[in-house]
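Structure record follows, encoded as structure tokens.
None of these values were measured; they are calculated from a predicted model. First listed ligand is number 1; within each ligand, the first listed atom is number 1.
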Amino acid sequence: MKASLSLALLSATSALAAKASLSGVERVTNLPFQSNKFIVEVSEASEIPSKRALGTPHEQLYRALAKRKISFNVHTEYDVPGIFVGASITLNNTQDVANILSTDGVLAIRPVRTFARPVPVLSKKVSPGDPGLPDSESTHIITGVDKLHARGITGKGVKIGILDTGTDYTHPFLGGGFGPGFKVAGGFDLVGDDYDGSNAPVPDDDPLDQCAGHGTHVAGIIGANPGNPFNISGVAYDATIYSYRIFGCTGSVNDDVIVDGLLRGVKDGMDILTMSLGGSDGWTEGTASVVSSRISASGKIVTIAAGNEGASGSWFSSGPGNGIDAISVASSDNTVVPLQSVTVQGVTHDPIVYFATFPLPVNGTLPLYVISNDTTIVDDACNPLPDSTPDLTAFVVLVRRGTCTFVTKLANIAAFGATTALIYDNGNGFDAIDVGDFNAALIQAEDGVFLAQQFAAGASISLTFPQSGGSVEFPLPSGGLISEFTTYGPTNDFYFKPAITAPGGSILSTFPIPLGTWALLSGTSMATPFLAGSSALLLAVKGKSASVATGARTLFQASALPISSSHTDGDPLQTATQQGAGLIQVYDALFGTTLLSRTELILNDTAHFAGPQKFTVKNAGKTAKTYTLSHVPAGTAITIGPDSILPGLGPVALSTDYASVSFNGGKFTLLPGQSHEVVATIKPPKGVDATTFPVYSGFIHVTSGTESVHATYLGLAASLKDKQVIDNTDFILGVPLPLVLDSEGNIQDAPVNYTFVGEDAPTILWRQAFGTPLLRLDLVSPNIALNGTLNARAPISFTNPHKGGSFAKVPTLGALLEVPYLTRNDEIDIPDNSLLLSNTFANGTIIPNGSYKVLLRSLRVTGDPTNEADYESWLSPVIGVTA
Ligand SMILES: *[C@@H]1O[C@H](CO)[C@@H](O)[C@H](O)[C@H]1NC(C)=O
Ligand SMILES: *[C@@H]1O[C@H](CO)[C@@H](O)[C@H](O)[C@H]1NC(C)=O
Ligand SMILES: *[C@@H]1O[C@H](CO)[C@@H](O)[C@H](O)[C@H]1NC(C)=O
Ligand SMILES: *[C@@H]1O[C@H](CO)[C@@H](O)[C@H](O)[C@H]1NC(C)=O
Ligand SMILES: *[C@@H]1O[C@H](CO)[C@@H](O)[C@H](O)[C@H]1NC(C)=O
Ligand SMILES: *[C@@H]1O[C@H](CO)[C@@H](O)[C@H](O)[C@H]1NC(C)=O
Ligand SMILES: *[C@@H]1O[C@H](CO)[C@@H](O)[C@H](O)[C@H]1NC(C)=O
Ligand SMILES: *[C@@H]1O[C@H](CO)[C@@H](O)[C@H](O)[C@H]1NC(C)=O
Ligand SMILES: *[C@@H]1O[C@H](CO)[C@@H](O)[C@H](O)[C@H]1NC(C)=O
């Protein structure tokens, strides 16, 4: 994939300016797939005796391809009947895709997708004795894991396969060895150190990770042994871990390797597979998503990160976490954050907390100097300081936040020699701030005002920065809330992603010994193994049966704790599109005695509204219980605009236009073992603006005494078919899209002839304002009469042939590109979709000299692929081929 455009992220107030410049656009083909690598799925016909005589399904496939003169290379064979049988192949000509799909026994051919390596949101190495580490047990306490450990439930006998960067099993708290008898009892290195996603994997049988670290951190969240210097423990520290290394030291991974890792895990008898990885996808149809879902449906538990792309807004769900039956995991912020404090001399005051994880490296005790005695000044130190300012070298300098950047203020005081500063808040919020290399941190407003007033009153104040022992467990402003970075769903086909939340912000865990032994990381990558560990506790208590495994998501969702969108009273609960069913409560899930049959009540859009929702409540306890039903809505996610066709950036705006819910009786009594069917009639919110595509959600609680479980509903108060999918605005590049770039990179606005020699070729540039089930680029006659416009209302898997209907009646000369299930583009790192044309059709046939146009068609979500009217169309200017 090409590098992203030179990007200029502007503040919200300059949203009218273009976000990126056309000159930064590279003239290449840029789609989130490997250009000529595919995964072919074949039927398991070899199980039929008459067919078995013809050889394995793989042999039959290769023979059939050879017969059709298709030139290919095989990379990996997949052979787990019931889950996935097929192979990853490179094609000499992508033209052969259609040919392969029509081959006997071939079920599907899907492009190979690349997934970026998991990037933690926060990453700090720590060592024993470092001050200011979080109370690691806090994550166990808020989820009830501590109570399970206290009862001796630690995951013994359960096998968890981790697909990640490998594991440093030499770590003393990860068992100190590899192989039978050790904590990390097995696994495989599918790729080797040097694999980066663009080169060939070099497998070996040792999944040791001493160069990346991510997988070692994940392993510790599941399995770190207690008794360590930090007094932490894994969620299921007696479970057995298998480590499948699918990332090299750097770079990304392709889903052909992910599928290989998953299937190895199945063959090795894993009860649980966990993947802290993913990339924006939007659909449930990617190969790794499909395989993950099938493994889940077969009776294993698969936990997958929801993604760290919350800033990109709604409809950005991550693959393979989108796998329909997999458990996609959101992150919540730890309740406390470890901060540092400075002690005050000269006046009486408690140590003052400053926002830094580690102490500012300041020796000794320094006097305080205050730039302004006015504690309401709005632009303190925004301008060069007066000449009368003393030499500030030996002082801690106090400055008030506001007007200009922190770095500007610090540069102005540094001009007088200052090296250490505290900035006091002006009401914007106590948080981490960007101070460059400067020795500075934020303190709270009241502490700054106190210091400035005492200084103005003539007190002689000095400050000491303890290098140890100054750590404070500060209640995090966002503590307990859903981490802002968690990616929002739902999927474009309206599946419920993410499913559930686990702690993932500020998590201390093991790290490779050469990289520091311990580290503090944040991300849905950290929440995911928490769920895998919780799943191991479940299997340890309820048994490792397929029915327990397939019921795990429902059990965890029913007992989860819905989380608010903020700590302000009266604000709505966070949308289920970011928190799923809420924060996992493992103890309640394992020992609760009220069971729900369904916990995801998906209402879909208005055009496919799934009317009354039914689920069963079962009293699995030993006494009769009287239940009350109640409805608590979550904030309705305003997913698009307003006044825009693009998804709004995160944090996604919430409205209090709620759905209404009524029941077939709000109260009922069940004897032990009895069940009752609840019929919930859920009406979408009224009076909402459908052009903002409001996604409503909420919780239906079933309560008896102190026990409460819930089902979560999710619906769209609009029709997805009304959602524009092609971006025809000038919002991103300052010029309307789609467009053609000529060989110089200028916009082609008149007919141009191209020789297709060297650089002399056109590039089609477009962006998806929304995901599309099918994108198609065809060459057409320049005189085509076509009504297609962006009007009011896969590359290459031909799994959905669309031969008939008005779509096929549009006269085209041949296909240039077909992409199924393409995700939307993003405003954060400004990638676009582009196709650098060659003088051949997609099938490799040379395009004859002549004049043409390119017809781009993108199917709207839920549209009929055979109905031309369900596509948005765009016609290029005249492109002449003189090759
Ligand atoms: C691959 O395709 C090219 C161009 O279509 C052709 O010239 C070449 O012979 C093919 N290679 C093989 C191994 O079939
Ligand atoms: C370690 O954690 C346990 C359980 O939370 C606690 O009882 C104990 O005091 C902790 N020990 C130290 C040294 O922090
Ligand atoms: C603080 O003191 C230590 C030990 O004397 C010294 O190594 C370090 O460089 C000093 N740091 C600063 C910022 O002066
Ligand atoms: C602030 O008050 C102190 C103490 O009264 C005084 O020395 C100093 O000059 C004042 N600073 C300014 C900028 O007025
Ligand atoms: C929502 O409706 C669309 C259109 O019928 C369908 O394709 C999709 O699978 C539905 N989603 C769910 C989760 O059922
Ligand atoms: C493109 O080439 C054709 C055939 O040579 C010629 O008739 C036409 O004028 C050319 N168009 C442009 C814009 O140069
Ligand atoms: C284009 O639209 C006009 C007016 O709506 C209609 O009469 C005509 O049949 C349409 N043409 C095609 C090719 O669909
Ligand atoms: C490739 O596609 C073109 C345009 O549709 C068609 O004319 C040609 O016959 C196809 N070639 C092959 C080998 O299928
Ligand atoms: C296409 O046009 C170019 C430029 O005029 C010419 O060199 C080439 O021979 C033509 N190709 C064919 C197949 O006519």
Side-chain angles (χ1 to χ4, degrees), residues 68-71 91-102 282-285 293 315 317 322-325 328 489-497 499 576-577 598 600-611 613 695 697 712-716 718-723 740 742-743 748-756 760 762 771-774 776-782 796 798 800 803 808 810-818 821 838-855 859-865 870 877-883:
R68 292 179 174 226
K69 303 206 167 9
I70 294 169
S71 159
L91 291 179
N92 192 25
N93 275 324
T94 55
Q95 69 171 67
D96 289 326
V97 165
N99 200 353
I100 290 174
L101 189 70
S102 65
W283 297 98
T284 57
E285 302 293 333
S293 188
W315 307 103
S317 63
N322 283 344
I324 291 174
D325 288 322
S328 155
T491 67
N492 301 328
D493 37 8
F494 224 82
Y495 283 87
F496 191 102
K497 305 289 171 187
T577 64
R598 294 175 63 222
E600 296 183 353
L601 309 180
I602 301 178
L603 298 154
N604 219 323
D605 68 356
T606 47
H608 307 90
F609 187 72
Q613 290 278 341
V695 177
S697 56
T712 308
Y713 66 83
L714 181 74
L716 171 64
S719 169
L720 276 171
K721 208 155 117 185
D722 292 336
K723 179 68 199 81
V740 177
D742 67 16
S743 44
Q748 187 195 323
D749 49 13
V752 172
N753 285 337
Y754 295 92
T755 62
F756 295 90
D760 190 23
T772 182
L774 185 70
R776 185 62 184 244
L777 269 68
D778 286 283
L779 205 65
V780 297
S781 150
I796 318 180
F798 294 92
N800 269 326
K803 300 221 160 22
V810 174
T812 67
L813 304 171
L816 299 172
L817 178 74
E818 178 165 312
Y821 302 115
S838 67
N839 64 327
T840 61
F841 293 104
N843 71 5
T845 297
I846 303 273
I847 298 171
N849 282 352
S851 281
Y852 306 98
K853 285 183 177 176
V854 172
L855 171 62
L859 182 60
R860 288 191 176 191
V861 178
T862 72
D864 170 359
D870 288 353
V878 173
I879 288 170
V881 175
T882 53

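Residue G814 has at least one heavy-atom neighbour below 4.0 Å for each of these atoms of ligand 8: 4 (C), 5 (O). Using a 4.0 Å cut-off to heavy atoms of L813, the atoms of ligand 8 that qualify are 4 (C), 5 (O). Atoms of ligand 6 found under 4.0 Å from any heavy atom of N753, numbered from 1 in the order shown, are 1 (C), 2 (O), 3 (C), 8 (C), 10 (C), 11 (N), 12 (C), 14 (O).
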Give one line per pair: atom of ligand 5, protein atom, distance. Only N/O to N/O under 3.5 Å.
unit_1: ligand 5; atom_1: 2 (O); unit_2: N604; atom_2: OD1; d: 3.3
unit_1: ligand 5; atom_1: 2 (O); unit_2: N604; atom_2: ND2; d: 2.3
unit_1: ligand 5; atom_1: 11 (N); unit_2: D493; atom_2: O; d: 2.8
unit_1: ligand 5; atom_1: 11 (N); unit_2: N604; atom_2: ND2; d: 3.0

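Taking CG from N753 and OG1 from T882, the interatomic distance works out to 4.5 Å, rounded to the nearest 0.5 Å.
No hydrogens or angles considered: a donor-acceptor pair under 3.5 Å links the side chains of T284 and D493. With 3.5 Å as the limit, one finds no donor-acceptor pair spanning the side chains of T812 and R776.
Of the possible donor and acceptor atoms, none in the side chain of N604 sits under 3.5 Å from a partner among the backbone N and O of A610. Using modelled atom types, no side-chain atom of Q748 and backbone atom of S743 make a donor-acceptor pair closer than 3.5 Å.
Heavy-atom separations between T812 and ligand 8 are all 4.0 Å or longer. Note on ligand 6: G880 sits outside its first shell, no heavy atom being nearer than 4.0 Å.
When side chains are defined from C-beta on, L601 does not count as touching F496, because their heavy atoms never get closer than 4.5 Å.
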*Passes side chain to side chain contact (heavy atoms under 4.5 Å, CB included), T606 versus L716? Steps please.*
CA-CA 7 Å; T606 47; L716 171 64; over 6 Å; no
*asked:* For V740 and V854: C-alpha separation, side-chain torsions, deciding distance, then whether side chain to side chain contact (heavy atoms under 4.5 Å, CB included) applies.
replied: CA-CA 10 Å; V740 177; V854 172; over 6 Å; no
